[in-house]
Amino acid sequence: MSQTHHPEAGMVLVGAIARGLYARRFELVAFLLVTQEIRSGSHLLGSQLGHLIGLASVAVVLLVPWSRHRVLATLRRSRRARAWGLALRQAGYPAHTYRLPRILRLDQMLTGERLELLLPPGIDASELIRCSDRLAVALQAGRVTVAANPHNAARVQVQVMRRDPLAGPSGIAWPHANRERLSLWEPIPVGLDEKGAVVRISLAERNVLIGGEPGAGKSSALSMLVATAALDPGARLWLLDGKLVELAPWSGCADGSAGVRVDDAVRLLRVVRDEMEARYLDLLKRKRRKVSPEDGLPFHVVVCDELAHYLNSGEKRDRAEFAELLRDLVSRGRAAGVIVLAATQKPASDVVPTSLRDLFGFRWALRCSTPQASDTILGSGWASAGYSATTIDSASRGLGYLLHEGGEPNRMRAFYLNDQQVEALAERAEALRQVTR
Ligand SMILES: Nc1ncnc2c1ncn2[C@@H]1O[C@H](COP(=O)(O)OP(=O)(O)OP(=O)(O)O)[C@@H](O)[C@H]1O
Ligand SMILES: [Mg+2]
């Protein structure tokens with residue numbers, strides 16, 4: 001036993017020393033250069049003068065801002081790389097290899113650090129994802145998220161979250177709250193991301209799915225999108241309100257509304273489906289494949305607040321027809337100018353099956369109670385990569401992850417419209433529609 005143990009222990013020791021020396025290569029090279037300079041100076045000019053010249057050259061390097069910054073930046077980088085390597089090992093990153101992901105770039109953000117890493121050959125991003133929670137512990141951070149680069153599997157982006165600039169109870173005002181008129185062809189500001197940048201979404205050819213536990217801020221998030229549709233006098237609005245009161249302010253702008261009854265909702269969706277069929281015939285006549293701003297064809301915006309209500313109550317036949325009509329509108333409506341905005345309190349697979357979820361271009365997960373619920377909205381695998389809406393504090397309403405198809409979830413705080421602002425916007429929208437129709 002001891003015979004096989006010793007060489008292994010020796011290898012581990014040699015490996016550890018080699019790793020330690022390699023991690024301090026910059027400091028070692030700098031030390032050797034300085035001592036060598038002093039030694040050759042002493043040799044040529046005598047020991048006193050040699051020492052002086054050696055020290056003077058070190059002083060020059062440190063006094064000239066350009067070289068001082070370079071030296072300090074390299075020292076900082078070297079120290080960070082060592083701390084990162086130590087954290088990875090403490091987090092249980094595969095120890096069979098001495099090659100660790102290399103830091104290509106490190107940015108200080110409002111929230112903590114963002115690193116771009118280069119993975120060594122033979123290891124994929126799943127190893128980092130697997131130990132992301134333990135990495136957060138090793139780095140004494142709140143959370144660590146890992147996102148793969150779709151263009152280069154060897155590069156991953158890691159966010160170390162130390163502060164949350166988006167947390168807190170107060171709402172951030174919607175920048176369009178005082179607008180007189182809006183267009184659905186223009187991007188809609190919906191919130192602020194962790195860098196403080198405004199997050200915008202373009203609804204043309206997109207559907208939006210919002211999920212989150214009761215009180216997470218779904219209806220408030222929907223209200224910015226509904227307000228934009230209402231203030232676009234060309235857009236036609238179809239409202240399905242499982243709670244009756246959430247969309248009530250917009251009913252004066254709507255072409256059709258349904259309340260809690262599932263059969264009413266089915267009738268309304270049939271009308272929209274007929275509009276969609278008529279639109280495709282119209283496009284065929286115009287030799288167009290999809291609506292465009294020049295056509296002047298109005299968007300049909302279907303808003304469904306509380307999807308779970310329509311899919312879980314009423315007659316079974318109505319529920320099935322509702323699900324089928326909604327799926328049809330979401331899957332075929334894009335090119336015809338039909339936009340579906342749906343919110344659900346219960347992000348579970350019976351309400352939002354994967355096949356339906358994947359048809360939504362924008363998926364917005366507000367606070368959820370389980371990682372499965374968060375993944376039901378965003379897509380499977382995001383929660384384990386650190387993008388889980390369960391990590392959101394219940395006091396921070398409107399905080400969540402917005403995923404635009406193909407990208408990575410963007411942690412953001414939704415803007416907020418209070419009841420008075422919604423009322424004022426709805427009044428303006430009604431007046432605008434009366435004038436323009
Ligand atoms: N972006 C926000 N910023 C600040 N506060 C917010 C925000 N969104 C919502 N809130 C607060 O949270 C409360 C609940 O929001 P909202 O009604 O939108 O939640 P919900 O997810 O629709 O809830 P439910 O599932 O019960 O319908 C609001 O009355 C408001 O006080
Ligand atoms: Mg609601």
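Just so you know, ligand 1 is whichever comes first in the structure, and atom 1 is the first atom listed for that ligand.
If you check the side chains of S78 and R82, you find a donor sitting under 3.5 Å from an acceptor. Under 3.5 Å, the side chains of S380 and D375 contain no donor-acceptor pair of N or O atoms. Inspection of the R327 and S355 side chains reveals an N or O donor paired with an N or O acceptor under 3.5 Å.
At least one donor-acceptor pair closer than 3.5 Å links the side chain of R433 to the backbone N or O of A230. A distance-only check finds no donor-acceptor pair linking the side chain of R363 to the backbone of I210 [under 3.5 Å].
The N, O or S atom of E246 with the smallest distance to the Mg ion (ligand 2) is OE2.
Taking the ring centroids of F299 and W185, they lie under the 6.0 Å cut-off.
In R105, the CZ atom is not crowded: 12 or fewer heavy atoms of neighbouring residues, nucleotides or ligands sit closer than 6.0 Å.
Regarding atom 9 (C) of ligand 1, its nearest protein heavy-atom neighbour is S220 OG, 3.3 Å. Among protein heavy atoms, atom 31 (O) of ligand 1 sits closest to Y416 OH, 3.5 Å. Closest to atom 17 (O) of ligand 1 among all protein heavy atoms lies S219 CB, 4.1 Å. Among protein heavy atoms, the minimum distance from atom 1 (N) of ligand 1 is reached at A414 O, 3.0 Å. Protein heavy atom nearest atom 19 (O) of ligand 1, with residue, atom name and distance: G217 N, 3.1 Å.
Residue Q345 does not count as close to the Mg ion (ligand 2), with no N, O or S atom under 2.8 Å. At a cut-off of 2.8 Å, E306 is not counted among the residues with an N, O or S atom near the Mg ion (ligand 2).
With salt bridges taken as basic N to acidic carboxylate O contacts below 4.0 Å, none links K218 and E246. At a threshold of 4.0 Å, the pair R411-D164 counts as salt-bridged, since one of the basic side-chain nitrogens sits closer than that to a carboxylate oxygen.
The closest non-hydrogen atom to atom 23 (O) of ligand 1, taken over G215, A216, G171, comes from G215. Remark: among candidates K243, R397, E246, the nearest residue to atom 24 (P) of ligand 1 is K243, based on non-hydrogen atoms.
No N or O atom of E306 sits closer than 3.5 Å to an N or O atom of ligand 1.
Listed by atom number, the atoms of ligand 1 under 4.0 Å from Q345 heavy atoms are 24 (P), 25 (O), 26 (O). Taking every heavy atom of R413 and a limit of under 4.0 angstrom, the matching atoms of ligand 1 come to 3 (N), 4 (C).
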